[in-house]
Asks: 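Below: one structure in structure tokens.
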Protein chains: 2
Amino acid sequence: MGRPSRFVLTSGQIVNICFNRGFKTAMSHSDTADRILDAAEILFAERGFAETSLRTITSTAGVNLAAVNYHFGSKKELIQAVFERFLTPFTDCLETALTQRIADEGGAASADDLLESLYTVSLGGLKAQGRDPQRFMRLLGLAYSQSQGHLRRFIVARYGQTYRRFIDLLKQALPEIDPVTFYWRLYFMLGATIFTLSSFDAIEAILKEDFGAETTLQDTIDRFVPSASAMLRATG
Amino acid sequence: MGRPSRFVLTSGQIVNICFNRGFKTAMSHSDTADRILDAAEILFAERGFAETSLRTITSTAGVNLAAVNYHFGSKKELIQAVFERFLTPFTDCLETALTQRIADEGGAASADDLLESLYTVSLGGLKAQGRDPQRFMRLLGLAYSQSQGHLRRFIVARYGQTYRRFIDLLKQALPEIDPVTFYWRLYFMLGATIFTLSSFDAIEAILKEDFGAETTLQDTIDRFVPSASAMLRATG
DNA sequence: GTCTATAAACTGATAGAC
DNA sequence: GTCTATCAGTTTATAGAC
């Protein structure tokens with residue numbers, strides 16, 4: 001599994017370093033714009049974009065309605081700002097983790113290690129940042145399903161490079177899979193992750209109710225990595 | 001793999017039988033209500049519920065605005081009617097296919113055969129019906145992500161029994177997987193399917209562009225079944 | 001920067017003529 | 001069953017006072 005030696009940073013340590021830095025600078029002053037972003041992030045994730053009015057956002061944030069237009073210009077730009085605030089530290093952290101992995105493993109990381117980096121950054125990173133991974137995944141799901149075009153273009157232009165890098169590394173780690181099959185399974189994995197973690201609270205509650213099983217963060221990562229890995233590698 | 005003998009109906013044949021019956025009766029008269037349902041189905045799948053106004057639906061359908069309230073009562077009831085129209089033949093067909101499978105295989109079907117039934121009914125069935133599988137999946141995704149409660153309750157009450165039956169059969173076919181892991185992976189599979197097929201056209205276009213690969217229906221089923229199967233069975 | 005007030009457009013739903 | 005006309009409520013966005 002390529003467990004790092006004691007001189008090498010683990011994904012978890014990288015997560016703590018990047019997110020703690022990003023977190024402090026982003027949160028150092030809680031002015032009106034941040035209050036709006038906080039409220040918008042929660043409400044968008046719960047209801048979607050069209051179902052969340054600026055009035056609901058501003059009254060939840062305890063600020064004036066006109067403040068949205070003053071600080072962000074329009075609702076579309078507010079949506080982009082919400083995504084920018086959580087995708088920037090996340091993407092930077094993934095970038096760092098990937099660089100560390102390939103340095104660590106001499107140029108080519110294994111598929112399981114790449115997946116472990118991805119899930120540790122997305123789940124562990126957000127929890128370390130005091131944020132809810134489920135909310136993050138719901139927003140990502142919305143970006144795909146409700147995207148009015150502008151958001152999709154914004155995300156691809158701003159963050160596409162890092163995700164292409166991840167995909168290329170994963171492809172190199174699975175040379176036996178033909179490119180078309182790889183592409184299908186990549187979507188498969190993305191959908192499984194976003195969809196499942198979007199319903200994380202509901203699944204967690206059902207598992208506790210029906211099986212008495214507590215769900216920890218590490219449990220979830222340890223469940224996702226082998227499942228995704230087996231799916232990517234499937235023969236037939 | 002349990003290929004049926006020549007005296008046994010294949011999933012594909014079952015699909016043709018159920019859907020052709022349902023299709024003719026449902027489409028025999030194209031009055032105002034059906035025109036509204038046709039337009040609403042397409043527009044909801046493209047934009048979501050909140051983003052699609054009744055005015056857009058009625059003008060697309062070429063009918064009067066008041067006709068929606070006359071025929072369906074409210075927008076919520078129109079949404080339910082859209083789902084009812086495509087979920088009823090789909091669910092009936094899955095029910096028939098499952099019954100055939102367990103009769104065919106003497107009480108307990110294999111996981112791969114169950115998955116093959118599910119995908120043949122959902123993909124093949126809708127295409128046989130002259131409908132777009134992608135649209136079907138987008139609507140299912142919306143039911144999960146945008147569900148305003150009423151739709152979720154409607155679907156569970158009306159169709160829950162068949163899906164619980166499928167899940168129980170699949171669980172029986174995978175006795176070596178512990179129940180909690182099974183539950184996680186079921187969500188994983190559901191998300192992968194809905195998400196991937198929601199973007200079917202986009203994926204198809206990219207595959208043709210980048211690899212010159214044409215994508216047929218049977219290709220897609222043959223790609224999904226082993227991937228989902230490997231994921232469900234993963235060890236570790 | 002923050003506020004009030006209001007514009008301008010859109011929404012779902014309905015009453016009542018035909 | 002279908003239409004027009006309209007209601008009552010909501011939405012985003014902005015102008016202008018402070």
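Reminder, nothing fancy here: chain letters follow the sequence lines and each chain counts from 1. The structure displayed is predicted, hence computed values, not measured ones.
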Asks: I need a per-nucleotide contact map over nucleotides 1-14 of chain C, read 5' to 3'. Cutoff is protein heavy atoms under 4.0 Å; write B for the base, S for backbone only, - otherwise.
Replies: BBBB------BBBB
Asks: Using every non-hydrogen atom in the two residues, find where A:Leu118 and A:Ser122 come nearest and quote the distance to one decimal.
Replies: O-OG, 2.6 Å
Asks: Measuring only between side-chain heavy atoms, which start at C-beta, is A:Thr215 closer than 4.5 Å to B:Trp184?
Replies: yes
Asks: Between A:Tyr119 and A:Thr193, does any side-chain donor sit less than 3.5 Å from a side-chain acceptor?
Replies: yes
Asks: Salt bridge (Lys or Arg N to Asp or Glu O under 4.0 Å) with A:Lys171: which residues, sequence neighbours excluded?
Replies: none
Asks: Looking at side-chain heavy atoms only, is the closest gap between A:Leu232 and A:Leu170 below 4.5 Å?
Replies: yes
Asks: Between D:dA13 atom C1' and A:Ile79 atom CD1, what is the distance in whole Å?
Replies: 15 Å
